[in-house]
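First comes the structure, then the notes that go with it.
All values derive from a computational prediction rather than experimental measurement.
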Amino acid sequence: MSMYKSKECVAMLLAGGQGSRLYTLTEKTAKPAVLFGGKYRIIDFPLSNCVNSGIDTVGVLTQYQPLVLNEYIGNGQPWDLDRSVGGVMVLPPYQGNKSADWYKGTANAIYQNLNFLDRYDPKYVLILSGDHIYKMDYSAMLDFHKEKEADCTIAVLDVPLEEASRFGIMNTKDNGEIFEFEEKPKHPKSTNASMGIYIFTYEKLRKYLVDDEANPNSENDFGKNIIPSMLSGGEKLYAYPFEGYWKDVGTISSLWEANMDLLGNPPKFDIHDKSWRFFSRTPAQPAQYIGKGAVLSSSLITEGCEIYGTVENSVIFSGVRIAPGAVVRDSVIMRDVDIAEGAVVEYSIIDSSVSIGKNAKVGAPKESADGIAVIGGGLEIPENMTIDSGLMVNQSKLEELLSAKEEN
């Protein structure tokens, strides 16, 4: 008998994403640890959803650049997950009896942590991704899973037909039972897109994970291997229809859009809903200060900021200083950024601890820009320098731009 208290449902949160399409923002940080929405990191959303859904045991599977994520999650206290039994536990790849293996795929990541799951002898396992922004009551999905007596339930979002080929598509009977799964089909037969949120009856999941690991030809992936195996094995799989805001923030443009979706009245995604709070580990900062002559409109301004210039349609994180005469428009400005007098930042994402010099220009007006300008963390943009729209600037790119400027 386990020394651990049995849990009805344990969540496993896949947070190992490299996030290469976020370029410089993930050079030193795993994608789920990327800052979002003025006060949060992306991983705060699935973690908060777990707590709000009554799920108090969460394994967080880390891999790429885990340092920031491990430090951030800590003992789980900000999300009320510092429990004596259960709570949150960070699960990196480790050396077992045979060898130390990176997680080879989503299914292998869970397989490597069967010992963690066995501790709690759960009846159900909820599998989540750590890089989506959304609000979801997992307990309602679990009720659906029980009602259908399903072996696996997959949350699906109805997407436009022209976008369906980007997703795993679930083809279902009228009662929601899945009879076919197609991974990114060229000619989709339905618009039920998998959200990468699964509930499994643990007994069945365990069997299929063990069988999958024994198959040398498997890619050890839920979408490519486990789900098709369960379908061909005659198991009961159901699609759970989700209605509401959901965004995969795996690209620069989708990350920018999701931040902008927090603005407006009403916003597309409401983080001010008191009945469903999102929790985070935030630095203690003094109250924001809005100076005389500052001009603000349709923006989120976090604590610790000093604003003397103009801010329009932007998300400003803690500790940012925007000097008199500086303009920030249609942008996401992360922590501890200093924007000097006369500088203009438009349609850009500025990573933490960046300094933008006097009269420098970053990006271009959204209507005429070639894309979102991105400035990597810790960089110093000299005064009077221009960073064109669409440029992704890290240290080596900045040095290249500076030497080209000197040559001219």
Side-chain angles (χ1 to χ4, degrees), residues 16-38 40-43 64-65 67-69 130-133 166 247-262 313-317 320 322 326-340 343-357 359-408:
Q18 187 168 346
S20 55
R21 290 177 302 160
L22 290 175
Y23 303 100
T24 180
L25 299 179
T26 48
E27 276 185 0
K28 296 176 183 172
T29 306
K31 183 163 58 167
V34 168
L35 295 169
F36 177 80
Y40 308 98
R41 293 183 187 270
I42 296 168
I43 199 169
Y64 173 79
Q65 295 281 14
L67 188 63
V68 173
L69 206 53
D131 46 14
H132 300 151
I133 302 292
R166 291 174 38 222
K247 196 140 197 144
D248 180 343
V249 285
T251 64
I252 291 294
S253 58
S254 62
L255 180 66
W256 180 89
E257 283 165 15
N259 274 281
M260 295 300 119
D261 287 344
L262 306 176
N313 203 53
S314 295
V315 175
I316 312 296
F317 284 74
V320 170
I322 299 173
V327 175
V328 173
R329 196 175 284 123
D330 299 316
S331 293
V332 178
I333 312 295
M334 295 184 181
R335 289 182 189 159
D336 303 319
V337 170
D338 190 85
I339 301 175
V344 177
V345 177
E346 297 188 278
Y347 196 41
S348 298
I349 297 177
I350 312 296
D351 203 352
S352 299
S353 305
V354 167
S355 163
I356 296 177
N359 302 314
K361 285 190 168 42
V362 178
K366 185 166 162 280
E367 301 70 33
S368 59
D370 293 327
I372 299 162
V374 180
I375 308 294
L379 297 184
E380 292 187 22
I381 306 302
E383 54 184 75
N384 300 311
M385 185 171 189
T386 297
I387 304 287
D388 292 333
S389 65
L391 278 185
M392 308 278 166
V393 181
N394 57 11
Q395 184 62 51
S396 59
K397 182 66 176 176
L398 181 60
E399 286 167 9
E400 182 189 312
L401 292 170
L402 288 170
S403 65
K405 190 179 176 187
E406 281 170 20
E407 284 171 17
N408 293 336

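Not counting sequence neighbours, the partners of A33 by the side-chain contact (heavy atoms from CB on, under 4.5 Å) test are T29, R41, V68, L69. With sequence neighbours excluded, the residues forming a side-chain hydrogen bond (donor to acceptor under 3.5 Å, both in side chains) with S396 are N394, listed by chain and number. Partners of F317 according to the ring pair (Phe, Tyr, Trp, His ring centres under 6.0 Å) rule, which considers only residues two or more places apart in sequence or in another chain, do not exist here. With sequence neighbours excluded, the residues forming a side-chain hydrogen bond (donor to acceptor under 3.5 Å, both in side chains) with E400 are K397, listed by chain and number. Residues meeting the side-chain contact (heavy atoms from CB on, under 4.5 Å) test with Q395, sequence neighbours left out: L379, E399. Listed by chain and number, the residues in a side-chain hydrogen bond (donor to acceptor under 3.5 Å, both in side chains) with D338 amount to none (sequence neighbours excluded). Under the side-chain contact (heavy atoms from CB on, under 4.5 Å) criterion, S352 pairs with L35, M334, R335, sequence neighbours left out. Scored by the side-chain contact (heavy atoms from CB on, under 4.5 Å) test, E383 finds K358 as partners (sequence neighbours excluded).
V328 and S314 get closest at one heavy-atom pair: CG1-OG, 3.6 Å. Between M392 and I372, the shortest heavy-atom contact is CE-O, 4.2 Å. Contact detail for A340 and A326: the closest heavy-atom pair is O-CB, 3.4 Å. Pairing each heavy atom of A343 with each of G357, the nearest pair is CB-O, 3.6 Å. Residue A369 comes nearest to A364 through the heavy atom pair CB-O, 3.9 Å, listed as atom of the first residue, atom of the second, then distance. The two residues S389 and A373 make their nearest non-hydrogen contact at CA-CB, 4.3 Å.
Looking at heavy atoms from C-beta onward, N359 lies out of side-chain contact with M385 at the 4.5 angstrom threshold. In this structure, I133 and I42 have side chains that are in contact, with non-hydrogen atoms separated by less than 4.5 Å.
For the pair S331 (side chain) and Y347 (backbone), a donor-acceptor distance under 3.5 Å is present.
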| message | side chain to side chain contact (heavy atoms under 4.5 Å, CB included), that's the test. Do D351 and I349 meet it? Break it down for me. | response | CA-CA 6 Å; D351 203 352; I349 297 177; 6.0 Å; no

Could you please spell out the steps behind the side chain to side chain contact (heavy atoms under 4.5 Å, CB included) verdict for V393 and V374? CA-CA 6 Å; V393 181; V374 180; over 6 Å; no

Assess the residue pair H132 and K247 against the criterion (side chain to side chain contact (heavy atoms under 4.5 Å, CB included)); give the C-alpha distance rounded to whole Å, side-chain angles, the decisive distance to 0.1 Å, and a yes or no. CA-CA 6 Å; H132 300 151; K247 196 140 197 144; over 6 Å; no

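For the atom pair CD1 (I43) and NZ (K31), the distance works out to 12.5 Å, reported to the nearest 0.5 Å. To the nearest 0.5 Å, the span separating CD1 on I339 from CD1 on I381 amounts to 11.0 Å. Here the CD1-CD1 distance, from I350 to I375, works out to 5.0 Å after rounding to the nearest 0.5 Å. With rounding to the nearest 0.5 Å, the separation of CZ in R329 from OG in S348 is 11.5 Å. Rounding to the nearest 0.5 Å places CD1 of I333 at 5.0 Å from CD1 of I316.
Applying the salt bridge (Lys or Arg N to Asp or Glu O under 4.0 Å) definition to pairs two or more places apart or across chains, none involves residues 360-372.
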Donor-acceptor contacts under 3.5 Å from residues 249-256 side chains, at least two apart:
| unit_1 | atom_1 | unit_2 | atom_2 | d |
| --- | --- | --- | --- | --- |
| T251 | OG1 | S253 | OG | 3.4 |
| T251 | OG1 | S254 | N | 3.1 |
| T251 | OG1 | S254 | OG | 2.8 |
| S254 | OG | D248 | O | 3.2 |
| S254 | OG | G250 | N | 3.4 |
| S254 | OG | T251 | N | 3.1 |
| S254 | OG | T251 | O | 3.1 |
| W256 | NE1 | D330 | O | 3.0 |

